[in-house]
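None of these values were measured; they are calculated from a predicted model.
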Amino acid sequence: MAKKLNLDLLNKVWALAEQGTEGERDAARNRAEALVKPHGYTVADVPDLLLTEGYLDEEPAPSAGGFTFYDMSNPAHQRAYAEAERKKQAAWRMANRAKIDEVLARYGSEEAVFAYTAEEKAYDAAIKPFHKKGKAGQCDTWDGEHFSATAKVRAALATVKPWPDNIPDAIAEYEYWEKLYDDRNIADSNGQWDYLTQGGDFRHRALGDLINKELEARNLSDVIVRLRFQEASQGIYDDSASILRDLERLHEAENSQRLKSTSGDISPDRGSLAASVGKVGGAENRATSEAQNMGNPHVIDSPDMGNKTRPNSASSPPSNLDTATKRRAEVVRILQTAEGIRMPLRAVAQMVGVSPTTVGNIKRQMTRAG
């Protein structure tokens with residue numbers, strides 16, 4: 001670091017530059033310039049330096065909390081900041097030498113790390129028609145934007161490679177750009193500059209928006225991936241509303257599917273109880289009903305089906321209901337009572353020793369008969 005500017009000497013020299021003879025003035029101005037130039041000043045700055053008694057040459061001092069404020073309009077602060085950054089990078093290099101060596105070995109050289117990739121070149125070429133040079137002190141723009149890709153710029157980028165249509169694919173491509181940026185940052189001793197080309201940067205940022213909020217989550221796994229992405233971004237991507245939309249939509253779809261599945265569990269009516277009223281106990285209809293319900297997991301085994309093995313939860317029917325005709329007649333009797341009408345089909349079936357389907361058929365037949 002350059003030594004602190006000697007203001008006493010500068011004041012004496014500048015006095016000669018202003019009041020000395022013609023030869024002394026020229027020599028004094030040259031001497032003054034030699035004094036201030038190493039500190040980032042010119043001869044024109046000398047009067048202000050002397051007027052402020054060296055304020056512009058004071059080094060920044062850390063605050064009580066340890067934070068150092070740099071006034072970047074002050075050349076002394078600019079030098080101090082640059083020196084502090086050089087020291088930080090040197091310390092980072094020493095602590096991360098293994099990472100730096102790994103990156104350089106993988107690419108082959110430092111130049112190869114920073115060489116534009118084929119993807120970057122292609123994306124830059126695609127957005128070139130939208131480029132507009134910025135005025136003095138202003139950034140260049142692409143379709144009027146510098147940081148975010150507009151719809152037109154996105155469409156141009158898609159001509160090189162279509163945008164992912166699901167969150168996992170978007171994550172995979174996003175991580176490619178993150179890795180490229182990290183490799184260049186490591187090779188640059190954690191300089192943390194903009195290491196991607198403009199086309200690559202537009203692609204990288206747009207992928208982040210797709211993952212954060214634009215793509216619909218297809219399942220709960222996608223929602224988890226999106227939430228982890230938001231958490232890892234440390235506030236850069238934090239659209240919690242997209243998470244809520246995903247969960248509400250998936251919840252609605254799950255409920256809809258559950259209703260469909262429940263409806264599918266109800267066995268369709270596979271024929272009437274009998275060809276006509278009065279043939280409830282017909283042998284032909286009994287055989288048809290038993291054959292239809294055999295093996296149906298939703299029907300309780302009963303003597304009607306020729307299966308003597310019954311679930312433990314099913315109570316044994318009265319012993320006097322020893323024929324199919326008597327059992328069906330008992331079902332009719334129960335269904336004719338006010339209590340029986342309100343009873344579930346399965347409860348009636350367990351009382352009598354028939355299948356719920358049989359009870360349902362009899363109930364429908366009674367309803368049609370009026």
ask   = Does Phe114 CZ have over 12 foreign heavy atoms under 6.0 Å away?
value = yes
query = Does atom CD of Gln138 have more than 12 heavy-atom neighbours, drawn from other residues, nucleotides or ligands, at distances under 6.0 Å?
reply = yes
request  = Go through the structure and list residues passing salt bridge (charged side-chain N to carboxylate O under 4.0 Å, His left out) with Lys161, not counting sequence neighbours.
outcome  = Glu173
Asp194, CG: over 12 other non-hydrogen atoms inside 6.0 angstrom = no
query = Would Val332 end up clustered with Leu345 when hydrophobic side chains under 4.5 Å apart are linked, directly or stepwise?
reply = yes
ask   = Counting N and O atoms only, with roles assigned by atom type, does the side chain of Asn11 sit under 3.5 Å from a partner on the main chain of Leu7, one being a donor and the other an acceptor?
value = no
ask   = Of all heavy-atom pairs between Ile100 and Ile186, which one has the smallest distance, and what is that distance?
value = CG1-O, 3.6 Å
ask   = Hey, is NE2 on His251 packed in by over 12 heavy atoms from elsewhere, all under 6.0 Å?
value = no
note = To the nearest 0.5 Å, atom CD1 of Ile167 lies from atom CG of Leu215 at 6.0 Å
Sole residue of Lys88, Met94, Arg86, Gln89 in side chain to side chain contact (heavy atoms under 4.5 Å, CB included) with Ser189 = Gln89
query = Taking atom types as modelled, is there a side-chain donor on Asn185 or Asn190 under 3.5 Å from an acceptor on the other?
reply = yes
query = Leu207 pairs by side chain to side chain contact (heavy atoms under 4.5 Å, CB included) with which of Phe202, Tyr176, Trp177?
reply = Trp177
ask   = Got a salt bridge between Asp143 and Lys132, using NZ or NE/NH1/NH2 to carboxylate O under 4.0 Å?
value = no
ask   = So how far is it from Thr141 OG1 to Lys135 NZ, rounded to the nearest 0.5 Å?
value = 11.0 Å
note = The reported gap from CZ in Phe130 to OG1 in Thr150 (rounded to nearest 0.5 angstrom) is 6.5 Å
ask   = Going by an N to O cut-off under 4.0 Å, is there a salt bridge joining Arg333 and Glu330?
value = yes
request  = Using a strict 4.0 Å threshold on nitrogen-to-oxygen distance, state whether Arg258 and Glu254 make a salt bridge.
outcome  = yes
task = Under the side chain to side chain donor-acceptor pair (under 3.5 Å) rule, collect the residues that match up with Asp246, sequence neighbours excluded.
result = Arg226, Arg249
query = Ala217 and Leu250: which non-hydrogen atoms are nearest, and at how many Å?
reply = O-CD2, 4.1 Å
ask   = Are Val352 and Met366 connected, step by step, through hydrophobic side chains (Ile, Leu, Val, Met, Phe, Trp, Tyr) whose heavy atoms are closer than 4.5 Å?
value = yes
query = Counting distance only, does the side-chain N/O of Asp45 pair as donor-acceptor with the main-chain N or O of Thr42 below 3.5 Å?
reply = yes
Within 6.0 Å of CZ in Arg25, more than 12 heavy atoms from elsewhere = yes
ask   = Are Tyr237 and Ile243 grouped together when hydrophobic residues (ILVMFWY) are joined by side-chain heavy atoms under 4.5 angstrom apart?
value = no
key: Note, Trp163 side chain near Asp169 side chain (heavy atom, < 4.5 Å)   = no
message = Among Glu178, Glu111, Glu120, exactly one meets salt bridge (Lys or Arg N to Asp or Glu O under 4.0 Å) together with Arg184. Which residue is that?
response = Glu120
ask   = Once you round to the nearest 0.5 Å, how far does OH of Tyr174 lie from CZ of Arg203?
value = 14.0 Å
Donor-acceptor side-chain pairing of Asp209 and Asn212 below 3.5 angstrom = no
ask   = Do other residues, nucleotides or ligands put more than 12 heavy atoms under 6.0 Å from the CZ atom of Arg154?
value = yes
ask   = So do the side chains of Val103 and Glu110 get within less than 4.5 Å of each other, counting heavy atoms only?
value = no
ask   = Do Asp140 and His146 have a side chain donor and acceptor closer than 3.5 Å?
value = no
Check: Lys99 main-chain N/O paired with Asn96 side-chain donor or acceptor under 3.5 Å = no
message = To the closest 0.5 Å, what do you measure between CG (Asp188) and CH2 (Trp193)?
response = 9.0 Å
query = Rounded to the nearest 0.5 Å, how far does CG of Asp124 lie from NE2 of His131?
reply = 10.0 Å
